[in-house]
Amino acid sequence: MNGPVTIKNDSTMVDIKEIGIIGAGQMGSGIAHVASLAGYTVKLIDIDQGQLTKAVATIQRNMDRQVNRKKISAGDRDAAMVRITTGTDYGPLSNADLVIEAATENEETKRKIFQALCPTLRPDALIATNTSSISITRLASTTDRPHKFIGLHFMNPVPVMDLVELIRGIATDVPTFEAVKAVAVALGKTPAVSEDFPAFIVNRILLPMVNEAIYTLYEGVGSVEAIDTSMKLGARHPMGPLELADFIGLDTCLAIMQVLYEGLADSKYRPCPLLVKYVEAGWLGKKSGRGFYDYSGETPVPTR
Ligand code: 3HC
């Protein structure tokens with residue numbers, strides 16, 4: 001296991017030992033999982049106590065699975081679980097060295113979080129956002145420390161996927177970039193640097209493919225099963241695009257397509273009306289029990 005990281009530079013020393021994570025959804029809990037296993041003290045914050053309880057149970061279950069598959073020892077798991085504490089306000093973040101925001105993909109929500117969070121933080125604390133599409137420069141401008149603000153975009157499932165995207169805002173300084181890059185490496189991830197453009201690299205390429213798969217369904221070119229089988233066996237993707245959409249969350253898929261559509265002002269990014277309809281229906285994919293598949297039984301069943 002890699003340990004916490006100390007970065008020295010000419011102006012400040014950023015000694016990252018304690019990481020705050022805001023949002024205990026699938027990304028926040030995955031980030032808490034890898035950060036605690038890497039030796040960091042983790043403060044996981046969510047306004048919803050029920051969500052925190054669920055997140056801790058998920059982390060425990062996923063670490064149990066890693067123990068069973070001999071990826072980590074039972075001792076590593078137990079020590080990591082002890083390093084995670086939770087809270088429903090920002091008080092526990094008063095001594096955090098780095099806070100990673102992983103709340104819902106909604107700019108207004110994130111703005112409100114940063115405005116409420118900043119007065120609690122130490123002046124030298126760094127802030128990273130796990131946004132999958134929103135401008136880092138714009139989000140940074142809502143904080144009191146744009147130079148200590150950066151994009152750190154994890155992939156789902158966080159414990160399994162090797163990549164993180166690092167995105168500098170216009171004001172992000174070199175010590176912040178280097179410190180957060182070193183944390184990414186300590187978490188066992190390979191960083192890829194992206195410029196601050198809508199949806200960065202992975203989602204700029206991946207989500208239009210997912211959206212096109214939904215158009216393919218919408219236009220009746222193929223069934224859910226035919227589309228997913230085609231891409232799994234015909235393009236060797238680990239998941240079909242519709243299964244992947246359900247896995248990411250259809251609300252998140254729609255939010256990313258809207259950022260691409262509006263941010264790049266190109267009709268080729270128009271979200272498929274069927275995706276919009278599913279989100280309006282509350283069919284958000286795996287997390288809500290229904291999307292392009294129905295998850296209420298033993299195995300997922302295609303809904304079209
Ligand atoms: N925590 C820990 N380990 C996990 C895990 C989790 N949440 N989920 C799966 N695993 C592990 C399993 O234990 C297993 O380990 P092993 O190799 O030691 O046996 C391994 O991952 C494979 O899992 P399974 O055997 O259960 O299932 P699959 O072989 O079907 O793989 C998958 C599952 C890794 C999710 C694979 O289907 C996959 O890679 N899918 C594509 C995922 C993807 O594209 N993610 C990116 C989405 S885009 C994104 O996140 C950006 C965002 O902004 C939208």
Side-chain angles (χ1 to χ4, degrees), residues 23-38 54-73 76-77 80-81 84 100-106 110 128-134 136 151-167 187-192 194 197-211 213-214 228-229 231-233 235-260 271 275 279 284-287 291 293 299-300:
Q26 56 188 2
M27 298 309 287
S29 61
I31 299 165
H33 177 133
V34 295
S36 65
L37 269 181
K54 219 169 104 188
V56 171
T58 302
I59 296 168
Q60 177 80 49
R61 200 175 55 245
N62 284 331
M63 285 195 193
D64 287 347
R65 176 153 66 158
Q66 288 178 303
V67 172
N68 291 338
R69 303 205 187 201
K70 304 207 176 344
K71 291 271 158 86
I72 59 171
S73 72
D76 290 338
R77 174 200 57 201
M81 288 307 297
I84 304 175
I100 304 173
E101 172 277 317
T104 313
E105 190 63 359
N106 175 293
K110 290 183 191 291
T129 172
N130 182 55
T131 179
S132 44
S133 58
I134 302 168
I136 303 304
L152 178 65
H153 180 216
F154 290 82
M155 307 296 131
N156 187 20
V158 178
V160 179
M161 305 300 281
D162 293 328
L163 186 83
V164 290
E165 291 180 305
L166 273 177
I167 311 104
L187 298 183
K189 305 300 179 195
T190 302
S194 168
F197 272 77
F200 319 126
I201 296 172
V202 171
N203 286 336
R204 167 87 177 253
I205 299 169
L206 187 65
L207 265 295
M209 188 273 289
V210 166
N211 194 49
I214 303 170
D228 276 353
T229 302
M231 294 308 287
K232 276 194 288 193
L233 302 187
R236 212 168 268 187
H237 289 191
M239 281 178 172
L242 300 174
E243 186 189 0
L244 180 62
D246 276 0
F247 181 66
I248 293 170
L250 301 189
D251 50 343
T252 302
C253 292
L254 178 59
I256 296 169
M257 286 311 298
Q258 274 162 343
V259 167
L260 281 169
L275 173 61
V279 173
L284 306 182
K286 205 169 174 192
K287 64 184 169 189
Y293 292 82
T299 48

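As the structure lists them, so they are numbered: ligands from 1, and atoms in each ligand from 1.
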Minimum heavy-atom distance between [X] and [Y], given as atom pair plus value:
{"X": "Ile31", "Y": "Ala102", "value": "CD1-CB, 4.2 Å"}
{"X": "Leu163", "Y": "Met155", "value": "O-CG, 3.7 Å"}
{"X": "Pro191", "Y": "Lys189", "value": "CD-O, 3.6 Å"}
{"X": "Ser133", "Y": "Phe200", "value": "N-CE1, 3.6 Å"}
{"X": "Ala245", "Y": "Val210", "value": "CB-CG1, 3.7 Å"}

Nearest neighbour in protein (non-hydrogen) for [atom]:
{"atom": "atom 2 (C) of ligand 1", "value": "Pro159 CB, 3.5 Å"}
{"atom": "atom 5 (C) of ligand 1", "value": "Arg65 NH2, 2.8 Å"}
{"atom": "atom 18 (O) of ligand 1", "value": "Lys71 NZ, 2.4 Å"}
{"atom": "atom 54 (C) of ligand 1", "value": "Ile248 CG2, 3.4 Å"}
{"atom": "atom 37 (O) of ligand 1", "value": "Met239 CG, 3.5 Å"}
{"atom": "atom 42 (C) of ligand 1", "value": "Asn156 O, 3.8 Å"}
{"atom": "atom 52 (C) of ligand 1", "value": "His153 NE2, 3.6 Å"}
{"atom": "atom 7 (N) of ligand 1", "value": "Asn62 ND2, 3.3 Å"}

ask   = For ligand 1, does Val158 get within less than 4.0 Å through its side chain, its backbone, both, or neither, judged by non-hydrogen atoms?
value =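 The answer is neither; Val158 stays 4.0 Å or more away.
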Can you find a protein heavy atom under 4.0 Å from [atom]?
{"atom": "atom 20 (C) of ligand 1", "answer": "no"}
{"atom": "atom 9 (C) of ligand 1", "answer": "yes"}
{"atom": "atom 39 (O) of ligand 1", "answer": "yes"}
{"atom": "atom 48 (S) of ligand 1", "answer": "yes"}
{"atom": "atom 28 (P) of ligand 1", "answer": "no"}
{"atom": "atom 45 (N) of ligand 1", "answer": "yes"}
{"atom": "atom 23 (O) of ligand 1", "answer": "no"}

key: Ligand-residue contact atoms, ligand 1 with Met155, heavy atoms, under 4.0 Å   =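 Ligand 1 atoms under the 4.0 Å threshold to Met155: 49 (C), 50 (O), 51 (C).
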Closest by any non-hydrogen atom to [atom]: pick that one out of [options].
{"atom": "atom 34 (C) of ligand 1", "options": "Val160, Val210, Leu244", "answer": "Val160"}
{"atom": "atom 41 (C) of ligand 1", "options": "Ala255, Ala245, Pro238, Gly240", "answer": "Pro238"}
{"atom": "atom 15 (O) of ligand 1", "options": "Arg69, Lys232, Glu105", "answer": "Arg69"}

request  = Measure the spacing between CD1 of Ile72 and CZ of Arg65 and express it to the nearest 0.5 Å.
outcome  = 11.5 Å
ask   = From Arg204 CZ over to Met209 CE, what is the distance, rounded to the nearest 0.5 angstrom?
value =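 One gets 15.5 Å once the value is rounded to the nearest 0.5 Å.
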query = With a 4.0 Å cut-off, would you call Glu105 and Lys110 a salt bridge?
reply =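 Yes, charged N to carboxylate O under 4.0 Å.
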ask   = Does a side-chain N-to-carboxylate-O contact under 4.0 Å join Lys287 and Asp251?
value = yes
ask   = Are any of the side-chain heavy atoms of Asn130 and Leu152 separated by less than 4.5 Å?
value = no
request  = Side-chain contact test, heavy atoms from C-beta onward, threshold under 4.5 Å: evaluate it for Ile136 versus Phe197 and give yes or no.
outcome  =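 No, too far: nothing below the 4.5 Å cut-off.
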inquiry  = Could you tell me if Gln66 and Asn62 have a donor-acceptor pair between their side chains, going purely by distance under 3.5 Å?
reply    =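 No.
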ask   = Looking only at heavy atoms of Asn203, does any of them come nearer than 4.0 Å to an atom of ligand 1?
value = yes
